[in-house]
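Here's the structure we're looking at; comments come further down.
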Amino acid sequence: MGILQLDTFSFCYPEGKEDTLKNLSFQVEEGEFVLLTGLSGSGKTTLLRQCKPILAAHGTRKGKILFRGQPLQSLKQRESVTDIGFVQQDTENQVVTDKVWHELAFGLESLGMDTDTIRLRVGEIAGFFGMEHWFYKDIKELSGGQLQMVNLASILAMQPKLLLLDEPTSQLDPIAAGEFFQAVKRVSDELGITVILSEHRLGEVFSIADRILHLENGELTYDGTPRKFGESLAVDKKDILYSIPVPAQIYAGADLGGACPLTVGEGARWLPELDTKIVFDDKWIESSPRILLDHIFFKYEKNGPMILKDVNLKIYEGKVNCILGGNGAGKSTTLKVLSGMAEPLRGKVFDGKKRRKHKKELREGIAVVPQNPKSLFVKKTVKEELLELGDGSKEALEKGKEYAKIFDLMHILNHHPYDISGGEQQRLALAKVLMTDPKVLMLDEPTKGMDGAFKKIFAGIIEALITQGITLVIVSHDLEFCGNVADYCYLFFAGEVISEGPKRKFFSGNHFYTTEANKMCRKISPEIITIEESLEAIHRSS
């Protein structure tokens with residue numbers, strides 16, 4: 001008997017016209033590491049929440065969900081809290097205390113456990129994750145990766161039998177995300193805890209999962225191993241292909257046969273020796289700086305640490321300017337200074353050739369989409385959000401409808417903005433700010449929560465915006481996406497710019513902070529950055 005069993009389970013939201021989940025039947029065994037995949041809106045988050053009674057949305061249910069052979073809804077509340085753990089997307093929303101040690105203990109205290117048991121469990125889990133050196137730190141001092149590790153540890157301190165994770169790395173940089181996935185793998189392998197993890201970022205976690213469950217429009221369309229899933233997509237190229245690891249995407253496009261590679265190492269070994277050396281002629285043509293930062297220093301508190309340290313940076317007009325780096329490197333702070341939402345401690349900001357003098361003034365023609373798109377939402381429906389910044393004219397209505405089509409929002413126009421998926425919220429925020437016709441568009445982690453299929457569409461949208469003369473600034477952890485769309489890149493570390501240059505020079509010059517396509521295909525050419533360029537080189541030689 002499995003730990004979790006779904007028997008022809010369907011679910012429909014109260015005002016839904018059709019089921020969000022449709023006749024799902026599968027069984028998860030004790031200790032399995034299951035990766036739940038699917039495009040945005042396919043039902044992944046809904047499914048995970050239906051497996052955690054306290055988080056399950058109201059609606060119409062058909063069929064059964066059994067936990068260890070018992071109906072899920074018959075679990076007592078204490079069992080539901082302790083036996084089924086849940087880690088959410090938003091790292092900060094899960095935190096309820098101000099110290100690391102107290103956060104680890106909070107759930108156990110709420111369950112009324114005695115002091116000795118709490119001390120033992122907290123000490124064990126902190127030791128398991130190597131938290132000793134930041135055990136007594138304030139929560140606000142933690143990096144994004146550390147904070148999500150605390151969230152995971154606080155759940156595991158309650159010793160769950162089943163761990164559910166809903167896009168837990170959506171706000172983490174690639175290195176922190178990789179460390180988090182490895183921690184979850186340890187939980188599965190060393191503690192025997194069953195894991196079901198939903199993700200759009202599949203590069204790191206795909207190869208370490210035991211099993212893939214793939215949803216399409218609420219239906220289960222694949223149940224099997226990751227490698228077989230990659231090989232099946234090489235034959236039947238569904239949109240989820242653009243979300244699987246880069247080596248598997250290159251495998252699917254190359255049509256060279258063999259076993260599907262899941263990692264960069266496997267991909268490099270699978271890749272045949274090629275005679276053709278691919279040459280690129282995309283020469284960088286420098287434009288005038290639209291915004292310029294001149295020796296910028298910044299801190300948030302008078303006695304706090306310096307966040308930006310002597311930053312010099314040009315935002316080139318009519319180009320895609322990408323700012324990269326780890327969590328806490330100063331990327332989002334730089335975006336605030338660029339947009340006028342934060343005033344530097346020292347240094348100068350220029351809009352074109354004119355020095356900016358007005359403190360904390362959001363400059364005319366600059367639009368910003370923050371990391372948390374919810375901060376832009378003030379209306380009750382998606383449709384109202386799209387029209388909120390318009391003038392109510394027929395032209396504005398048509399424009400809103402057009403953006404709803406472009407960003408694939410037509411089917412959720414009457415939904416509350418807080419009730420749609422993270423990827424849909426991100427698309428809505430982008431559509432809403434574009435309604436203002438900005439001259440400069442600044443995006444903080446715009447691909448967070450986006451599936452690979454929509455990223456390709458979004459890349460086309462960015463290309464169209466550039467042809468319209470709009471200048472873009474993108475802060476991102478998504479190296480593959482930036483490798484596709486960027487013109488010029490900056491790499492931040494500890495509040496300083498440590499590397500910059502035109503896209504091709506930037507990525508080919510980095511060894512660690514570069515795209516997976518570049519890492520895998522360097523033996524063909526160190527200048528290869530994208531999947532498309534990899535396939536071009538392979539096809540030229542075949």
Side-chain angles (χ1 to χ4, degrees), residues 283-302 304-326 328-371 376 430 433-434 436-446 462-463 465-476 482 485-506 509:
K283 293 181 180 179
W284 163 250
I285 301 175
E286 185 171 322
S287 61
S288 302
R290 176 62 176 78
I291 305 174
L292 186 146
L293 302 186
D294 182 26
H295 297 289
I296 295 296
F297 291 80
F298 181 89
K299 61 168 65 176
Y300 284 103
E301 299 173 359
K302 184 177 180 180
M306 196 69 70
I307 307 300
L308 300 180
K309 307 164 189 174
D310 199 22
V311 170
N312 295 286
L313 184 148
K314 294 179 182 178
I315 297 302
Y316 292 100
E317 189 163 18
K319 306 286 188 182
V320 180
N321 304 266
C322 289
I323 299 174
L324 305 166
K331 306 185 304 299
S332 294
T333 301
T334 300
L335 200 70
K336 291 178 182 178
V337 174
L338 286 167
S339 67
M341 293 192 295
E343 185 74 8
L345 181 68
R346 296 200 304 273
K348 302 173 185 177
V349 182
F350 291 88
D351 286 318
K353 295 182 179 180
K354 183 179 179 182
R355 183 179 175 184
R356 186 186 297 173
K357 297 180 180 179
H358 301 290
K359 187 176 181 180
K360 293 185 179 180
E361 179 183 353
L362 186 61
R363 308 303 296 176
E364 184 178 354
I366 295 177
V368 181
V369 178
Q371 271 194 45
L376 296 180
L430 286 164
V433 298
L434 285 174
T436 65
D437 294 324
K439 301 300 180 186
V440 179
L441 180 59
M442 299 187 178
L443 309 173
D444 198 352
E445 300 295 347
I462 287 177
E463 185 177 349
L465 293 175
I466 292 299
T467 61
Q468 297 170 26
I470 295 174
T471 301
L472 276 96
V473 184
I474 299 177
V475 167
S476 183
C482 290
V485 304
D487 292 306
Y488 199 89
C489 297
Y490 290 90
L491 178 60
F492 273 67
F493 175 77
E496 300 179 71
V497 177
I498 62 169
S499 176
E500 65 172 282
K503 174 178 69 175
R504 192 154 319 271
K505 179 182 177 183
F506 176 85

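Counting only residues at least two apart or on different chains, the salt bridge (Lys or Arg N to Asp or Glu O under 4.0 Å) pairs with a member in residues 494-505 are Asp282-Arg504, Arg504-Glu533.
In this structure the side chain of Ile466 never reaches within 4.5 angstrom of the side chain of Glu463, judged on heavy atoms. Put simply, the side chain of Ile366 reaches to within 4.5 Å of the side chain of Val368, judged on heavy atoms. In this structure the side chain of Arg346 never reaches within 4.5 angstrom of the side chain of Ile296, judged on heavy atoms. The shortest distance between side-chain heavy atoms of Val473 and Leu335 falls below 4.5 Å. With a 4.5 Å cut-off on side-chain heavy atoms, Val497 and Leu491 do not count as touching. Considering only heavy atoms from C-beta on, Asp437 stays 4.5 Å or farther from Ile470 through its side chain. In this structure the side chain of Pro370 reaches within 4.5 angstrom of the side chain of Leu376, judged on heavy atoms. Contact check for Val440 versus Pro438: no side-chain heavy atoms found under the 4.5 Å cut-off.
Here the closest heavy-atom approach between residue Ser476 and residue Leu324 is recorded as O-CD2, 3.2 Å. Nearest heavy atom pair, residue Met306 against residue Phe297, reads SD-CB, 4.0 Å.
Residue Gln468 places its CD atom among more than 12 non-hydrogen atoms of other residues, nucleotides or ligands, all under 6.0 Å distant.
The main-chain N or O of Gly326 is found under 3.5 Å from a side-chain atom of Lys331 such that the two form a donor-acceptor pair. Within the 3.5 Å criterion, the main-chain N or O of Lys302 finds a donor-acceptor partner in the side chain of Lys299.
The distance from the CG atom of Leu293 to the CZ atom of Phe298 is 12.0 Å, given to the nearest 0.5 Å. Taken to the nearest 0.5 Å, the OG1 atom of Thr471 stands 10.0 Å off from the CG atom of Leu441.
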All N/O donor-acceptor pairs, side-chain side in residues 307-321, below 3.5 Å, sequence neighbours left out:
from, atom 1, to, atom 2, distance (Å)
Lys309, NZ, Ala494, O, 3.2
Asp310, OD1, His295, ND1, 2.6
Asn312, OD1, His295, N, 2.8
Lys319, NZ, Ile285, O, 3.1
Asn321, OD1, Tyr316, N, 2.9
Asn321, ND2, Tyr316, O, 3.2
Asn321, ND2, Lys319, O, 3.3
Asn321, ND2, Leu472, O, 3.0

Given side chain to side chain contact (heavy atoms under 4.5 Å, CB included), test Thr334 with Ile323 step by step and report yes or no.
CA-CA 9 Å; Thr334 300; Ile323 299 174; 4.1 Å; yes
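In this structure, the ring-ring contact (aromatic ring centres under 6.0 Å, His included) partners of Tyr490, at least two apart in sequence or on a different chain, are Tyr488. Under the side chain to side chain donor-acceptor pair (under 3.5 Å) criterion, Gln371 pairs with Ser332, not counting sequence neighbours. For Phe350, the side-chain contact (heavy atoms from CB on, under 4.5 Å) test picks out Leu292, Asp294, Lys348, Arg355, with sequence neighbours left out.
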